[in-house]
Amino acid sequence: MSDPTTEAASPANDDNPAVRRLADWDADRLQAIAREHDTPLYVVDLDRVRENCARLRDAFPDADVRYAVKAHTGQAVLETVREAGLDAECASAGELDRVLAAGFPGDRVHYTAVNPPARDLDYAVSAWNEEPGLTVTVGAADTLDRLAERGYDGRVCVRVNPGVGAGHHEKVRTGADVKFGVPYDRATQVVREADERFEVVGIHAHAGSGIDAGQLDSHRELVSRMGDLARSLVTPDDAGAATDDAAATTDDAEPVDLEYVDVGGGFGVPYEESDPPLDLAAVADATRSALGPVPRVDGDGTEVTLAVEPGRYVVADAGLLLTRVNTVKPTAEETVVGVDAGMTDLLRPAMYDAYHPIRNLSGGDRDEIPVTVAGPICESADVFSTKRPLATPERGDVLAIGIAGAYGYEMASQYNSRPRPAEVALEDDDARVVRRRETLADLTEVER
Ligand code: LLP
């Protein structure tokens, strides 16, 4: 559970705005950092990570807030999030290894196993032997059998496919995708059977990633379905609790002592300058009222805890990618600006047609012209913007690509035999390298 000893969080205010836009960053400082550490270069501001954690804890004071570490697994970020009191949600053995190394105790670690490779399950079970407070979230009955075969009888959460998806792109709407979770109409049975062999502590669902205010109805629908399912599990004799067959119960069923209902992450961030920030308080209110009361079994009137697991929201606006202009090519309709970062450094535009704001830090008060910002990879998808107004770029200018702290470095690759960029972390007035730039030698290091 989230660390209750951490200082109370502060609400969004002038010192902690709901979003940090690209225009809010200090252009001179960023240019100096680019000169010192070269480009392409990721920058992550740990103070902003801390602010984002604080706003989440403030909006969900009674909930367990779990950082989905897949958004950014850098050690400095993980340590900051741990100190800020959030739990960690992991998707692989590698992520588990990283959060344990960052000092998260087992009872703040949640491993969501999606078709887990044997190697990952082996790792999770050995980690559990050391840290028995760890929880494994499973999305298939098969995974329960595979855990039992390895001697695991610890804490289990059952991931349910809620049949409701949402998110910024069809590729990230997991909630309606059969790949994820036990089908809703089988969930009751799977949970009950699991409870005979393991300590079932929760149920889980995740609608998708990048949910904006316009998709809150889907979020509400998911949460309400999870509330119904939870009530039917904790009070199986209460005929009124289940609202449909999916949550229906069998005769003589034992109540399942759920600790929490995890309704996933997916809180969107405003990538476009004109997008409003998410009203976190409104999302929290909608979540709580859609869930409704779920009593703890033998809990003296206490309630099952709500859990949320945002990734993007914690780090997106805390990070950006600095890149230098190397080629300026006028064409009839636009100017193509070649930069030294590409889809290997920031994949989101190529993969999801995602919008990231771009600012010419060296542009001063030059006129804006329509430019296409393109990387050095031999693929047409390797562009960061098309015909977008930008202060007239010149060779050597430094551009900042904003809201790149989430799923930025994490999805970077060495395609085209490109070493991955370095990363600098900011904290107060300090700037330190937290990931060194890869070298050409790193590219061939694993070859035999
Ligand atoms: N929980 C689970 C089980 C998840 O699968 C995810 C994200 C999250 C939480 C956190 O979602 P978030 O709050 O970050 O939206 N690469 C894509 C995003 C894929 C997210 C996958 N799962 C992107 O760059 O937009």
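For ligands, and for the atoms within them, numbers begin at 1 and follow the listed sequence. Just so we're clear, the structure is a prediction, and the values are computed from it rather than from any experiment. The figures here come from the full heavy-atom set of this structure, side chains too, leaving out hydrogens, waters and symmetry mates.
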Rounded distance [0.5 Å steps], SG in Cys157 versus CG in Leu258: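 CG of Leu258 is found 8.5 Å from SG of Cys157.
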
Charged N-O contact under 4.0 Å between Asp195 and Arg192: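 Judged by the 4.0 Å cut-off on N to carboxylate O distance, Asp195 and Arg192 do not form a salt bridge.
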
Of all pairs that satisfy ring-ring contact (aromatic ring centres under 6.0 Å, His included), the ones with a partner from [range], not counting sequence neighbours:
range            : result
residues 53-88   : Phe60-Phe267
residues 154-177 : His168-Tyr352, His169-Tyr352
residues 269-288 : Tyr271-His356

Mutual orientation of the aromatic rings belonging to Trp128 and Tyr152 [parallel < 30°, tilted 30-60°, perpendicular > 60°]: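 Judged by the thresholds at 30° and 60°, the geometry between Trp128 and Tyr152 is tilted.
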
When you check ligand 1 against the protein, what N or O pairs turn up below 3.5 Å? List the atom names and distances, or just say none.
{"from": "ligand 1", "atom 1": "1 (N)", "to": "Glu309", "atom 2": "OE2", "distance (Å)": "2.7"}
{"from": "ligand 1", "atom 1": "5 (O)", "to": "Lys70", "atom 2": "NZ", "distance (Å)": "3.4"}
{"from": "ligand 1", "atom 1": "13 (O)", "to": "Gly266", "atom 2": "N", "distance (Å)": "2.8"}
{"from": "ligand 1", "atom 1": "13 (O)", "to": "Gly311", "atom 2": "N", "distance (Å)": "2.9"}
{"from": "ligand 1", "atom 1": "14 (O)", "to": "Gly311", "atom 2": "N", "distance (Å)": "3.4"}
{"from": "ligand 1", "atom 1": "14 (O)", "to": "Arg312", "atom 2": "N", "distance (Å)": "2.7"}
{"from": "ligand 1", "atom 1": "14 (O)", "to": "Tyr407", "atom 2": "OH", "distance (Å)": "2.6"}
{"from": "ligand 1", "atom 1": "15 (O)", "to": "Ser209", "atom 2": "OG", "distance (Å)": "2.4"}
{"from": "ligand 1", "atom 1": "16 (N)", "to": "Tyr352", "atom 2": "OH", "distance (Å)": "2.8"}
{"from": "ligand 1", "atom 1": "24 (O)", "to": "Arg348", "atom 2": "NE", "distance (Å)": "2.6"}
{"from": "ligand 1", "atom 1": "25 (O)", "to": "His168", "atom 2": "NE2", "distance (Å)": "2.7"}
{"from": "ligand 1", "atom 1": "25 (O)", "to": "Arg312", "atom 2": "NH1", "distance (Å)": "3.3"}
{"from": "ligand 1", "atom 1": "25 (O)", "to": "Arg312", "atom 2": "NH2", "distance (Å)": "2.8"}
{"from": "ligand 1", "atom 1": "25 (O)", "to": "Arg348", "atom 2": "NE", "distance (Å)": "3.3"}
{"from": "ligand 1", "atom 1": "25 (O)", "to": "Arg348", "atom 2": "NH2", "distance (Å)": "3.0"}

